[in-house]
Undergrad: 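Right, I'll just put the structure down here and ask away after.
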Amino acid sequence: MLQLMTLADLEALIASSGEQPVLVFKHSTSCPVSARAHREWEAFQATPAAGKVKLAWVRVIQERPVSLALAQKVGVQHESPQALLIKNGQVLWHASHRGITAASLTEAVSTL
């Protein structure tokens, strides 16, 4: 799994989404709702569906410029926590807050 720490990381990730779809998790390290979503994200990683996509995550406080640039590049308003499924630079699916579950992530990836 790739941690997005720089704008260059983000650019490379979006460019690579044409080769393999990308699932990005935006995580706030200070939010209890995000902590719950992070546990769901970790549970999803243990499923076979996780192997169909490249996984990446960004900490929205520590890497704020990267998180905000992601929102701008894909045209989806920033929220935290948030999950975005990206293919060919376009968002196919996104969810935030309690909508992020291992089941919802698996379902989104299964549409590929």
Side-chain angles (χ1 to χ4, degrees):
M1 179 172 44
L2 173 66
Q3 182 175 358
L4 302 174
M5 299 191 71
T6 67
L7 294 174
D9 292 342
L10 176 60
E11 292 291 338
L13 182 74
I14 291 176
S16 74
S17 71
E19 301 163 21
Q20 182 179 19
V22 175
L23 188 61
V24 180
F25 177 63
K26 294 172 71 174
H27 176 52
S28 171
T29 55
S30 66
C31 171
V33 174
S34 196
R36 186 209 52 82
H38 189 264
R39 287 189 297 275
E40 293 290 329
W41 170 255
E42 288 177 331
F44 166 75
Q45 290 177 59
T47 69
K52 294 182 176 183
V53 293
K54 185 182 297 186
L55 299 172
W57 70 295
V58 61
R59 299 175 302 174
V60 300
I61 296 170
Q62 293 86 344
E63 286 80 44
R64 187 158 186 80
V66 177
S67 177
L68 294 175
L70 174 59
Q72 183 179 27
K73 287 193 174 297
V74 299
V76 175
Q77 182 177 339
H78 166 76
E79 294 192 58
S80 174
Q82 187 174 49
L84 303 118
L85 180 60
I86 303 168
K87 183 176 181 181
N88 296 319
Q90 303 295 314
V91 173
L92 303 178
W93 172 90
H94 64 94
S96 65
H97 298 87
R98 297 198 185 279
I100 300 171
T101 64
S104 70
L105 296 167
T106 298
E107 184 178 333
V109 169
S110 72
T111 65
L112 296 171

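Residue numbers run from 1 in the order of the sequence given.
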Undergrad: With rounding to the nearest 0.5 Å, note down the distance linking CG in L13 to CD in Q20.
TA: 10.0 Å

Undergrad: Do the side chains of L7 and L4 join up, straight or via other hydrophobic residues, at under 4.5 Å, putting them in one cluster?
TA: yes

Undergrad: Rounded to the nearest 0.5 Å, what's the gap from CG on L55 to CH2 on W41? Could you check?
TA: 4.5 Å

Undergrad: Under 6.0 Å from the CD atom of Q72, do we count more than 12 heavy atoms belonging to anything else shown?
TA: no

Undergrad: Could you walk me through whether V58 and D9 satisfy the side chain to side chain contact (heavy atoms under 4.5 Å, CB included) test, starting with their C-alpha distance in whole Å, then the side-chain angles of each, then the deciding distance to 0.1 Å, before giving a yes or no?
TA: CA-CA 10 Å; V58 61; D9 292 342; over 6 Å; no

Undergrad: Are I100 and L92 connected in a single hydrophobic cluster, I mean Ile/Leu/Val/Met/Phe/Trp/Tyr linked by side-chain heavy atoms less than 4.5 Å apart?
TA: yes

Undergrad: Can you see which heavy atom on R36 is nearest to which on H97, and at what distance?
TA: NH2-O, 3.0 Å

Undergrad: Indicate, with yes or no, if L2 and L10 share a hydrophobic cluster defined by side-chain heavy-atom contacts under 4.5 Å among Ile, Leu, Val, Met, Phe, Trp and Tyr.
TA: yes

Undergrad: To the nearest 0.5 Å, what is the distance between CD on E42 and CE on M1?
TA: 7.5 Å

Undergrad: Closest heavy-atom contact between K52 and P21?
TA: O-CD, 4.2 Å

Undergrad: Locate the shortest heavy-atom distance separating V22 from S17; write the atom from each residue and the value.
TA: CG2-CB, 3.8 Å

Undergrad: Using the side chain to side chain contact (heavy atoms under 4.5 Å, CB included) rule, take L70 and I14 through it: C-alpha gap first, then chi angles, then the decisive distance, then the call.
TA: CA-CA 9 Å; L70 174 59; I14 291 176; 4.3 Å; yes

Undergrad: Looking at every heavy atom in both W93 and A108, which two are closest together, and how far apart are they?
TA: CD2-CB, 3.4 Å

Undergrad: Step through the shown structure and confirm whether more than 12 heavy atoms of other residues, nucleotides or ligands are within 6.0 Å of CD on E107.
TA: no

Undergrad: So W57 and H27, would you call those rings parallel, tilted or perpendicular, with 30° and 60° as cut-offs?
TA: tilted

Undergrad: Distance from E63 atom CD to Q3 atom CD, nearest 0.5 Å?
TA: 5.5 Å

Undergrad: With a 4.5 Å limit on heavy-atom distance, are the side chains of L85 and L112 in contact?
TA: yes

Undergrad: So Q62 and M5, side chain to side chain contact (heavy atoms under 4.5 Å, CB included) or not? Walk me through it.
TA: CA-CA 9 Å; Q62 293 86 344; M5 299 191 71; over 6 Å; no

Undergrad: Might you point out which heavy atoms bring G99 and A95 nearest each other, and give the distance in Å?
TA: O-CB, 3.8 Å

Undergrad: Can you give me the closest heavy-atom contact between S28 and S34, atom names plus distance?
TA: N-OG, 2.9 Å

Undergrad: Apply side chain to side chain contact (heavy atoms under 4.5 Å, CB included) to the pair K54 and E19, showing each step before the final yes or no.
TA: CA-CA 10 Å; K54 185 182 297 186; E19 301 163 21; 5.6 Å; no

Undergrad: Quick one, K26 and L84 - any side-chain contact, counting heavy atoms below 4.5 Å?
TA: yes

Undergrad: Would I86 end up clustered with V109 when hydrophobic side chains under 4.5 Å apart are linked, directly or stepwise?
TA: no

Undergrad: Which value, rounded to the nearest 0.5 Å, describes the distance between R64 atom CZ and H78 atom NE2?
TA: 5.5 Å

Undergrad: Rounded to the nearest 0.5 Å, how far does OG1 of T111 lie from NZ of K87?
TA: 9.0 Å

Undergrad: Judged by atom type as modelled, is there a donor-acceptor pair below 3.5 Å linking the side chain of E40 to the main-chain atoms of A102?
TA: yes

Undergrad: Treating T106 as the side-chain partner and A49 as the backbone partner, does any N or O pair qualify as donor plus acceptor under 3.5 Å?
TA: no

Undergrad: Give a yes or no on whether V76 and L23 share a hydrophobic cluster (residues Ile, Leu, Val, Met, Phe, Trp, Tyr; joining criterion: side-chain heavy atoms under 4.5 Å apart).
TA: no

